[in-house]
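Numbered from 1 within each chain, the chains take letters A, B, ... in sequence-line order.
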Number of protein chains: 2
Amino acid sequence: MVATVYEERARVFKALCDERRQKILELLQGGEKCACVLIEEMGMPQSSLSYHMKILCDSGIVTGREDGKWTHYQISRQGSEKAVSLLKEITAVTETGGCRSCCGT
Amino acid sequence: MVATVYEERARVFKALCDERRQKILELLQGGEKCACVLIEEMGMPQSSLSYHMKILCDSGIVTGREDGKWTHYQISRQGSEKAVSLLKEITAVTETGGCRSCCGT
DNA sequence: ATAACATATTGACTTTTTTCGATGTGACAG
DNA sequence: CTGTCACATCGAAAAAAGTCAATATGTTAT
């Protein structure tokens, strides 16, 4: 399975689309937290949290640190910056000016 | 219908998740284009393009300029910058340091 | 007014994502 | 080794998003 550049980008932005994942990010803004705390603060079943943490980690925006039976999650500075530059890249305009393509201005 | 802050944000990032919308943005990086050209360059049916353009415009990242029977689309500098600051806001960490929540470091 | 054109909307359908109980896996304590 | 705990994965069902032909809306030319 070869991921296209589009899939790569989508992985990052999809992580930010979901309401629950946004709330998780808010919680992590206060610093590193372990899964058990997130489960409690989010009020969601363990399997659901695990599902969302996987998506957040796969996007690179969050990193997980395993510590024995616990896993601690935190926002990744590097991943966030990567996301910002991706976004800037995608929305950069190389040429300005009116439509020259088919019809009048 | 009241949109939460989460829905507002999701609208922006969802616009970037779809492969076809990413390709449309790429095309618009070269400058303003009208729908008929996008349909041709994307090789997609008119109703599908219209669907995606609505999502892009609703996100604020693209703006449509109506000109008689044509509509010209372009990437919005303002919308893109808004998206970037949203992303920075969401991933900003207010406190750093280990997990103080439940278990040891 | 009528026809031709550009785009938007609808509706039926397919695909993808999310949800969560059940089960699996690996870590630690006794 | 056995039980318990923390987390991951599976599987089936529900919800959301995407696709596109058909149809509606609005614009321009005649």
Task: Residue A:Tyr73, side-chain heavy atoms: nucleotide from D:dC7, D:dG18, C:dT7 that is nearest - done: D:dC7
Open item on the list: By nearest atom, which of the nucleotides D:dA17, C:dT7, D:dC7 is closest to the B:Lys14 side chain?
Closed with: D:dA17
Spacing between [X] atom [atom1] and [N] atom [atom2], to the nearest angstrom:
| X | N | atom1 | atom2 | value |
| --- | --- | --- | --- | --- |
| B:His72 | C:dT7 | NE2 | P | 8 Å |
| A:Glu19 | C:dT18 | CD | C1' | 13 Å |
| B:Glu66 | C:dT7 | CD | P | 10 Å |
| A:Glu40 | D:dC7 | CD | C1' | 16 Å |
| A:Gln46 | C:dA22 | CD | P | 13 Å |
| A:Leu49 | D:dA8 | CG | P | 8 Å |
| B:Tyr51 | C:dC13 | OH | P | 18 Å |
| A:Lys69 | C:dA29 | NZ | P | 7 Å |

Applying a 4.0 Å non-hydrogen cut-off, can you work out what [X] is touching in the nucleic acid: base, sugar-phosphate, or nothing?
| X | result |
| --- | --- |
| A:Thr71 | sugar-phosphate |
| B:Ile39 | nothing |
| B:Ile55 | sugar-phosphate |

Less than 4.0 angstrom between a side-chain N/O of [X] and OP1 or OP2 of [N], yes or no?
| X | N | result |
| --- | --- | --- |
| B:Lys54 | C:dA8 | no |
| A:Ser47 | C:dC20 | no |
| B:Arg11 | D:dA17 | no |
| A:Ser48 | C:dT19 | no |
| A:His52 | C:dT17 | no |
| B:Arg65 | C:dT7 | no |

TODO: Apply side chain to side chain contact (heavy atoms under 4.5 Å, CB included) to A:Leu27 and list each qualifying residue two or more places apart in sequence or on a separate chain.
DONE: A:Lys33, A:Leu38, A:Glu41, A:Met42
- [ ] Salt-bridge test for B:Glu26 and B:Lys23: reply yes if a basic N is under 4.0 Å from a carboxylate O, no otherwise.
- [x] no
Open item on the list: Quick check for you: to the nearest 0.5 Å, what is the distance between A:Asp58 atom CG and A:Met53 atom CE?
Closed with: 11.0 Å
